[in-house]
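What follows is a single structure, written as structure tokens, with notes after it.
Residue numbering restarts at 1 for every chain, and letters A, B, ... go by the order of the sequence lines.
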Protein chains: 2
Amino acid sequence: MKKTYSEENYLKAIYHISKNENKVSLKAIADSLENNPASVIDMLRKLKEKQLITYDKTQGAILTASGETVALDIIRKHRLWEVFLVEKLHYDWAEVHPIAEQLEHIHDDQLAKRLDDFLGNPAFDPHGDPIPANGKMPVYANKRLSELEISQSGKVGSVRDTSTPFLKYLKQLNLGLGSKIEVLDKLDFDQSMIIAIDGSEPRTVSSKMTDNILLITE
Amino acid sequence: MKKTYSEENYLKAIYHISKNENKVSLKAIADSLENNPASVIDMLRKLKEKQLITYDKTQGAILTASGETVALDIIRKHRLWEVFLVEKLHYDWAEVHPIAEQLEHIHDDQLAKRLDDFLGNPAFDPHGDPIPANGKMPVYANKRLSELEISQSGKVGSVRDTSTPFLKYLKQLNLGLGSKIEVLDKLDFDQSMIIAIDGSEPRTVSSKMTDNILLITE
DNA sequence: CTCATGTATTAGGTTAGACTAATTTTGTAT
DNA sequence: ATACAAAATTAGTCTAACCTAATACATGAG
């Protein structure tokens, strides 16, 4: 079934929001697309009818399997085109986003594959974000905890410091590979953070600690 | 001023029609875009208001200077993308048109230039059509007279047979470089043509003659 | 518990770009 | 000159995707 430019953008937005928040609210979508909530609800109804998402006000929007397939396809094309623009056309990585926003909507059965091959099957786009393939977003421990903003979250993918004291400290925090960390607050003066580990009560951790935790955020 | 996808397609269609017919009628545009004449007239009004064309029913649609600039820009991008798709992504030349129809509408100030450089500043697209540059369509003697259909026309750009008898024959016909030839009729059984040279009275010419005249049709 | 505030929803309107179904104009053949 | 067909035009409709303004609901602070 053919998707419109606009439908594709909604699906993409829902995908991205769902990676940073546990609920994809109407308002979050409206903010992200800079559309009016009244417009958003219309589109959500339409996407629901097409079985690309489920939606109700308490659960928020959730991509169905086919909705996620579409979203990942668009994100894949976006990131491949960004690689093209930077590697082949020598754009600065900061300029390419708005162009890729247009290019990602070009429809052709073979295009993504051919572009991917031409570019040498890159794993990351110029911003370091992984490029989806085979309908899945590759999972990497790609972000230091210290890079997260307040209210963002991720799963522990690896640690950079493997010294015994550090690992003991982590154990004491009840933190291991796969633990979910949510950033509740950041203290500006020393970059320490207040975090929740697997939803438990808040803990304060130093910047030395947050620099050494690598998270899976996609 | 920003142009919509649809406006750009109308301007492109008007440009192409104007190269093959002496009047760009409403009906011709409607046929070319496979739109309803009622839709076309609305758009022509809009393009007229934006001063991209002039239009009245007797003259038909005529691109203004700025309208032609837009049309040539779109055609340039279309043809550059076709080169990219064939040369870099190894598409067959027959498959690329519908993809280029989408790519031609990507807006970015630097994109055409960068793509052009990346492709090595090609002069022709994979179909042999010239790629506009500097706001102008390059002029080449690119079509044999024998390839024209009835009612099409072109200007003589060069001749393939430069033997004295042939050139004498041309002189006798009052035909030289720059002469305008219009095809009035084609005879199926021996491919001979009835043509008007610079609007004078019809002459019948053989396929041997029409195969050796190269015309400028763009 | 209640009320203020934020979030969700409804109702109705706008614009671009298409459509169908008349109607008018134009050009052409007899 | 007439009459017919083709082309142009008008009037009114439709859909997608947006909007504003008003209303309903939910939730957390006092």
Give the rounded distance in Å between these two atoms: [atom1] of [X] and [atom2] of [N].
X	N	atom1	atom2	answer
A:Tyr10	D:dA16	OH	P	14 Å
A:Glu8	D:dA17	CD	P	11 Å
B:Ile29	D:dA7	CD1	C1'	13 Å
A:Met43	D:dC19	CE	P	11 Å
B:Lys48	D:dT9	NZ	C1'	13 Å
B:Glu49	C:dA16	CD	P	10 Å
A:Asp42	C:dT10	CG	C1'	10 Å

Answer with base, sugar-phosphate or nothing: what part of the nucleic acid does [X] contact at a heavy-atom distance below 4.0 Å?
X	result
A:Thr4	sugar-phosphate
A:Ser39	base
A:Tyr55	sugar-phosphate
B:Tyr5	nothing

Short side-chain N/O contact to D:dT10 OP1/OP2 from B:Arg45, under 4.0 Å
yes
OP1, OP2 of D:dA16 versus side-chain N and O of A:Lys46: anything below 4.0 Å?
no
Here's a test for you: under salt bridge (charged side-chain N to carboxylate O under 4.0 Å, His left out), which of B:Asp109, B:Asp116, B:Asp117 qualifies with B:Lys113?
B:Asp117
Ring geometry between A:Phe84 and B:Phe118 (parallel below 30°, tilted from 30 to 60°, perpendicular above 60°)
perpendicular
Candidates [options] - which lies nearest the side chain of [X]:
X	options	value
B:Asn36	C:dA8, C:dT20, D:dA8	C:dT20
B:Asn35	D:dT10, C:dT9, C:dC19	C:dC19
A:Ser6	D:dT9, C:dC19, D:dA17	D:dA17

Taking NZ, NE, NH1 and NH2 as the nitrogens, is one of them in A:Lys12 or A:Glu101 under 4.0 Å from a carboxylate oxygen of the other?
yes
Taking everything shown except A:Lys155 itself, do over 12 heavy atoms lie less than 6.0 Å from its NZ?
no
Just wondering, do A:Asp108 and B:Tyr91 contact through their side chains at under 4.5 Å, heavy atoms?
yes
